[in-house]
Amino acid sequence: RKEVEQDPGPFNVPEGATVAFNCTYSNSASQSFFWYRQDCRKEPKLLMSVYSSGNEDGRFTAQLNRASQYISLLIRDSKLSDSATYLCVVSGDSSYKLIFGSGTRLLVRP
Amino acid sequence: EPEVTQTPSHQVTQMGQEVILRCVPISNHLYFYWYRQILGQKVEFLVSFYNNEISEKSEIFDDQFSVERPDGSNFTLKIRSTKLEDSAMYFCASSDPGTRLNEQFFGPGTRLTVL
């Protein structure tokens, strides 16, 4: 089983749509969880950290389900500028190293 | 807003040559990292560095790789004898472990091409 697994997409949605990405992780002792976005040939940029109680930042909402080892990201009112690859990332139980999923590609069309 | 910087943006080298990739982490951060991303693949951890020593390294980080903090601002990754399969984007990152989740911030990367 992959350490962090994501649907590669692409998700092709119209502007204004709501889109949800899911991710599962294999290490139940993982401590920290993040969503990064990556534009083509650019660095990963931290979108949001994911807290146990779930958290929201503007149009973005992240949820964590430790029992199911599942993380989600919801994007409301999609903008053209949201087109990117969204990376699910976890940090180890006794380690600061980040473990990346392969990413889910989002295309927002006019 | 403080950011991680990396030089060069693109490095082309011949197989067997040594390369040094340079990074300037965010100034008040204490943990430094190198990751790499082969074209079309996921980002992979190479090494973490804290208090002037390696704190963790992956299987990829073999004897051909080394890291150094030569002064108070730079953090370098050296590949002693490059191989074709070392061609990738190399990202430096830094974090302040005093923050609750140890969020890591990435530099723009160095694209290494080994011919």
Side-chain angles (χ1 to χ4, degrees), chain A residues 1-10 21 23-27 30-55 57 60 62 64 66 71 84-105, chain B residues 1-6 9-10 21 23 25-26 29-51 54-61 87-113:
Chain A
R1 183 181 172 185
K2 290 181 183 176
E3 291 184 281
V4 179
E5 199 146 6
Q6 299 182 250
D7 180 343
F21 304 136
C23 163
T24 56
Y25 60 95
S26 61
N27 185 353
S30 297
Q31 292 295 317
S32 302
F33 309 89
F34 311 92
W35 284 100
Y36 281 75
R37 70 169 276 168
Q38 186 174 31
D39 294 287
C40 189
R41 296 181 174 245
K42 300 285 190 183
E43 75 273 25
K45 291 194 173 176
L46 180 65
L47 180 66
M48 59 196 300
S49 304
V50 186
Y51 301 114
S52 295
S53 54
N55 48 300
D57 183 1
F60 300 87
L64 169 65
R66 284 188 183 269
I71 310 162
T85 297
Y86 289 82
L87 306 174
C88 177
V89 183
V90 307
S91 188
D93 48 4
S94 58
S95 162
Y96 286 147
K97 74 176 183 185
L98 297 182
I99 303 166
F100 284 77
S102 298
T104 299
R105 193 162 165 227
Chain B
E1 186 176 322
E3 56 185 22
V4 177
T5 59
Q6 290 185 244
S9 56
H10 193 186
L21 311 183
C23 168
I26 294 172
H29 284 183
L30 299 177
Y31 261 91
F32 315 119
Y33 311 84
W34 285 100
Y35 292 83
R36 79 170 186 191
Q37 186 174 31
I38 295 170
L39 188 63
Q41 298 186 23
K42 64 181 181 179
V43 177
E44 300 174 288
F45 168 80
L46 292 178
V47 65
S48 59
F49 190 87
Y50 172 72
N51 201 24
I54 290 173
S55 50
E56 187 175 2
K57 59 183 181 179
S58 71
E59 291 176 357
I60 303 167
F61 194 89
S87 294
M89 277 291 279
Y90 287 80
F91 295 110
C92 175
S94 69
S95 68
D96 173 6
T99 60
R100 193 165 77 93
L101 292 177
N102 192 37
E103 294 166 341
Q104 295 180 28
F105 298 89
F106 285 73
T110 293
R111 179 168 300 283
L112 177 64
T113 302

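Lettering of chains follows the sequences in order, A, B, ..., and the numbering in each one begins at 1.
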Quiz item: Which residue out of B:Arg111, B:Met89, B:Glu44, B:Gln6 racks up the most heavy-atom pairs below 4.5 Å with chain A?
Solution: B:Arg111
Quiz prompt | Contacting region of B:Leu39 [heavy-atom separation from chain A under 4.5 Å] | solution = side chain
Self-check item: Heavy-atom neighbours of A:Arg37 CZ exceed 12 at 6.0 Å
Solution: yes
Self-check item: Contact summary for A:Tyr36 and B:Gln104, nearest pair of heavy atoms
Solution: OH-O, 2.6 Å
Practice problem: Please round to the nearest 0.5 Å and tell me the distance separating atom CD of A:Gln6 and atom NZ of B:Lys42. | Solution: 10.0 Å
Exercise. Could you tell me which portion of B:Tyr33 (side chain, backbone, both or neither) has an atom closer than 4.5 angstrom to a non-hydrogen atom of chain A?
Key: side chain
Practice problem: Would you mind checking which part of B:Gln37 comes under 4.5 Å of any heavy atom in chain A, side chain (CB onward), backbone (N, CA, C, O), both or neither? | Solution: side chain
Quiz item: Which region of A:Lys97, side chain (C-beta onward) or backbone (N, CA, C, O), has a non-hydrogen atom less than 4.5 Å from a non-hydrogen atom of chain B, or is it both or neither?
Solution: both
Self-check item: Heavy-atom pair count under 4.5 Å with chain B, highest-scoring of A:Ser91, A:Ser95, A:Pro44, A:Ser102
Solution: A:Pro44
Quiz prompt | chain B contact via A:Leu98 - which portion, at a heavy-atom distance below 4.5 Å | solution = both
Self-check item: Among A:Arg41, A:Lys45, A:Lys42, A:Gln31, residue most engaged with chain B (heavy-atom pairs, under 4.5 Å)
Solution: A:Arg41
Exercise. Drop me the distance from A:Gln38's CD to B:Phe106's CZ, to the nearest 0.5 angstrom.
Key: 9.0 Å
Self-check item: Heavy-atom proximity to chain A below 4.5 Å, by part of B:Tyr35
Solution: side chain
Quiz item: Is it the side chain or the backbone of A:Tyr96 that comes within 4.5 Å of chain B heavy atoms, both, or neither?
Solution: both
Quiz prompt | Side chain to side chain, B:Phe105 and A:Leu46, heavy atoms closer than 4.5 Å | solution = yes
Self-check item: Contacting region of B:Glu56 [heavy-atom separation from chain A under 4.5 Å]
Solution: side chain
